[in-house]
Structures are given as C-alpha cells and as structure tokens.
Novice: 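Structure in structure tokens, see below.
The chains referred to below are lettered A, B, ... by the order of the sequence lines, with proteins before strands, and numbering in each begins at 1.
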2 protein chains.
Amino acid sequence: MAKKGREAEKETYTISELAREFEISTRSIRYYEELGLLSPNRTSGNQRIFTKKDKARLKLIIRGKRLGFSLNEIKEMIEMYDIAGETEQIKLTLKYGEKKLKEIEEKIRELEMLREDLLTIRDILLKRLKELEKSEN
Amino acid sequence: MAKKGREAEKETYTISELAREFEISTRSIRYYEELGLLSPNRTSGNQRIFTKKDKARLKLIIRGKRLGFSLNEIKEMIEMYDIAGETEQIKLTLKYGEKKLKEIEEKIRELEMLREDLLTIRDILLKRLKELEKSEN
DNA sequence: CTTAAATTTTACGTTTACGTTAATGTCATT
DNA sequence: AATGACATTAACGTAAACGTAAAATTTAAG
C-alpha cells in the first residue's frame, strides 16, 4: 500500500494527550483500563499507546458517563462492540442491546418531560417578572 | 367548599408508602430531606407526612437521578420551583434555567447519537447472524 | 392497655469513581 | 550521560449516595 499524500491526522496518542483533549485526569484513563474498558498497547518501555480506536472508545465512555450510566453499564455496552463470537452469543448480545435501546429511548422521553417542566417554569417566571417590572413604574 | 363525590385519590403518604411506590429505600428519602430536597411536615409524634406536592418532588428527584444529575444539581433545579422572590432573584433563576435547558437538550442529542450507535451495532449483528445461520445448513 | 409494626435519630460501614502522594522508570534533548 | 518532562505501579485517601444496625418512640390493631 502506498503512503497517503499528506500525513494522516495522527495515528497514536499518549495518555496525557488524551487526558488534555477530553479534559479528564490520567488517573481516570488508567482507572478505565483497570476496569477493562480500555486495553491500549504498550511501548517497549511499558508506556501506553492509544490508537484511534482507543480514542473513540474513550469518547464513548465519557458520553456514557455524562448520560448517567455507571462504568459497569458502560463496560457491558462496550463489550457489544467486541462480539466476534458464535450464534448464541450474538443472540444474547442482541437481546441485551434491545434492552439498552429501550432504556435509552426512555431516557430521551424523560429528558423531554424535564425539558417541558423547565420551559413551563421559565414561562411562569417571565410572567412574574413582567408584572414586577410593571409595578415598579 | 363541598366535598367531592368520591374519595379523592389520597392526600398524604407515609415514608414507607413512598419508598414502596418508587422502589427506593426509606433511607434515601430521609437522606434527600437531609440535603434539603424535601421538607415534609410531621405528625404530633414527629413522623413524616408527605403530601402530593412532596410526592411530585420525589418523582422529580428520582427522574433527575436516572438522568445522571447529582443530588446537588437536582437541588438547584428544584429551588427554581420555589422562587417567590424579587426581580433580581428571578432574573438569576431564569439565567440558570436557560443553562439547564441547554444541558438537557445536549443530553437529548447525545442520547440520540448513542441510540444511533446501538442501532448500527444491532444491524451488524443481525447480518452476521444471518450469515452464520445460512452456513449452518 | 398491650403489643406488633412502623418510624425516628444516631452513627458507623460500604461502594463507586476517582484524587493524591510516593517511589521508580522511560523518553527526548542537549 | 545527564537533565527534565512525562509515565508507571502501588497504596492510601476522599466525596457522594446511600446501607445497615441499634436503641428509643409512635401509631394502629385488637
């Protein structure tokens, strides 16, 4: 395979590069590896090397966290990405995936309800504000 | 005011009734009160009595939790419901509300992305499954 | 009134998700 | 080969959100 014309974006990252980019600590990244959420390769000197895949995975972890999933739940979801296995395994994974999908859709619905609540409160406050400013004249 | 024809739904609840209904522990409910998220009245004997309002509030707390908000964030959001105060206070509250609204909308977007990811994985797994079942003949 | 079931406060324990040293090793540059 | 910046593991510490057990009321039912 011929080299691409221009330098490809960048193929690997150190732990601190990723930490900076995602605004988390290196400790967190190591902790995610400890729990099995990441498995970066190592240099001859035992330092972690993160590929684009690792980076994408980290992004997923962070997104999951922000959405209120525990690291354990995130791990289970991530394992879906790694299924290479047999029919039965795939079926189980699919079933689990459907469950997670429903949970996610439920979360979306709940967020939309919360959003409605806040919008209502905003309206109420805006009205009260108008009246107050009226009576200030 | 005349009484309604039929018994109204039920006006008050004990701590264990709410705990059962929401499938949480009484400890959690007491903890939420400790943090100031709830302020139920007491009987003459000092036991908590929860009104419908308290119940609605608890529901909000639980929803917030499921969506990945901390109890502290939830508290701040709940305080918006309680604003009776002056113009400046209302303006601050409105500003904070806009921020929260944006966060919520961002969460919705992220959940939708996660949903897309899972749907993609599902498709891939379904295809792989079909091929496996084909080759089993 | 008595008793069982429910509730209260107090207080220490636990889990999750990291923070924070400490002691040591690696990499890049001079 | 030495210096400084970055990395590694190990280990103890911490905040949030409860769990759990104990001892003392309170309430509901008989």
Novice: Side-chain atoms of residues 110-126 of chain A: list all donor-acceptor pairs with protein atoms under 3.5 Å, sequence neighbours left out, distances to 0.1 Å.
Specialist:
residue   : atom : partner   : partner atom : Å
Glu110(A) : OE1  : Arg66(B)  : NH1          : 2.6
Arg115(A) : NE   : Glu105(B) : OE2          : 2.8
Thr120(A) : OG1  : Glu116(A) : O            : 2.9
Arg122(A) : NH1  : Glu98(B)  : OE2          : 3.3

Novice: Would you kindly give the CZ-to-C1' distance between Arg42(A) and dC27(C), to the nearest whole Å?
Specialist: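 Computing the Arg42(A):CZ to dC27(C):C1' distance gives 16 Å.
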Novice: Not counting sequence neighbours, list each pair that qualifies as a salt bridge (charged side-chain N to carboxylate O under 4.0 Å, His left out) and has a residue in residues 36-46 of chain A.
Specialist: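 Sorted pair list: Glu33(A)-Arg42(A).
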Novice: Give the rounded distance in Å between these two atoms: CD1 of Ile24(B) and P of dA17(D).
Specialist: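 Whole-Å distance recorded here is 14 Å.
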Novice: How would you summarise protein contacts on nucleotides 24-30 of chain D per nucleotide, using B for base, S for sugar-phosphate only and - for none, with heavy-atom distances below 4.0 Å?
Specialist: --SS---
Novice: Please list, chain by chain and in numerical order, all residues satisfying side-chain contact (heavy atoms from CB on, under 4.5 Å) with Glu23(A), sequence neighbours excluded.
Specialist: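 Expected list: none.
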Novice: Show each protein N/O and nucleotides 28-30 of chain C N/O combination with a separation under 3.5 Å, one pair to a line.
Specialist:
none

Novice: Take the protein atom CD1 of Ile29(A) and the nucleotide atom C1' of dA17(C), then report the distance between them rounded to whole Å.
Specialist: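 From Ile29(A) CD1 to dA17(C) C1': 14 Å.
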Novice: Does Ser39(A) have any side-chain contact (heavy atoms from CB on, under 4.5 Å) partners at least two apart in sequence or in another chain, and if so, which?
Specialist: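 Checked Ser39(A) against side-chain contact (heavy atoms from CB on, under 4.5 Å); zero matches.
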Novice: Can you list everything that forms a side-chain hydrogen bond (donor to acceptor under 3.5 Å, both in side chains) with Arg57(B)? Sequence neighbours excluded, please.
Specialist: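 Partners of Arg57(B) under the side-chain hydrogen bond (donor to acceptor under 3.5 Å, both in side chains) test: Asp82(B).
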Novice: Check nucleotides 19-23 of chain C against the protein and report each pair of N or O atoms closer than 3.5 Å, with its distance, or say if there are none.
Specialist:
residue : atom : partner  : partner atom : Å
dG19(C) : OP2  : Ser25(A) : OG           : 2.4
dG19(C) : N7   : Arg27(A) : NE           : 3.2
dG19(C) : O6   : Arg27(A) : NH2          : 3.1
dT20(C) : O4   : Arg27(A) : NE           : 3.3

Novice: Does anything in residues 31-41 of chain B come within less than 4.0 Å of DNA chain D? Heavy atoms only, and list the residues if so.
Specialist: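 Contacting residues: Tyr31(B), Tyr32(B).
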Novice: Partners of Lys75(A) by side-chain contact (heavy atoms from CB on, under 4.5 Å), sequence neighbours excluded?
Specialist: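 side-chain contact (heavy atoms from CB on, under 4.5 Å) list for Lys75(A), sorted by chain: Leu37(A), Glu79(A).
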Novice: Would you give the length of the straight line joining atom OG1 of Thr12(B) to atom CG of Asp54(B), rounded to the nearest 0.5 angstrom?
Specialist: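 The CG atom of Asp54(B) is 10.0 Å from OG1 of Thr12(B), to the nearest 0.5 Å.
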Novice: Below 4.0 angstrom, which residues in residues 60-72 of chain B have at least one non-hydrogen atom near DNA chain D?
Specialist: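 Under 4.0 Å from DNA chain D: Lys65(B), Ser70(B), Leu71(B).
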Novice: Rounded to the nearest angstrom, tell me the gap between atom CD1 in Ile74(B) and atom C1' in dA17(D).
Specialist: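 Taking atom C1' of dA17(D) as the reference, CD1 of Ile74(B) is at 11 Å.
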Novice: How would you list, by chain and number, every residue that makes a salt bridge (charged side-chain N to carboxylate O under 4.0 Å, His left out) with Lys100(A), sequence neighbours excluded?
Specialist: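 Testing Lys100(A) for salt bridge (charged side-chain N to carboxylate O under 4.0 Å, His left out), a comparison that skips the adjacent residues, returns Glu73(A), Glu103(A).
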Novice: Please state how far atom CD1 in Ile49(B) lies from atom C1' in dT7(C), giving the value in whole angstrom units.
Specialist: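 Computing the Ile49(B):CD1 to dT7(C):C1' distance gives 12 Å.
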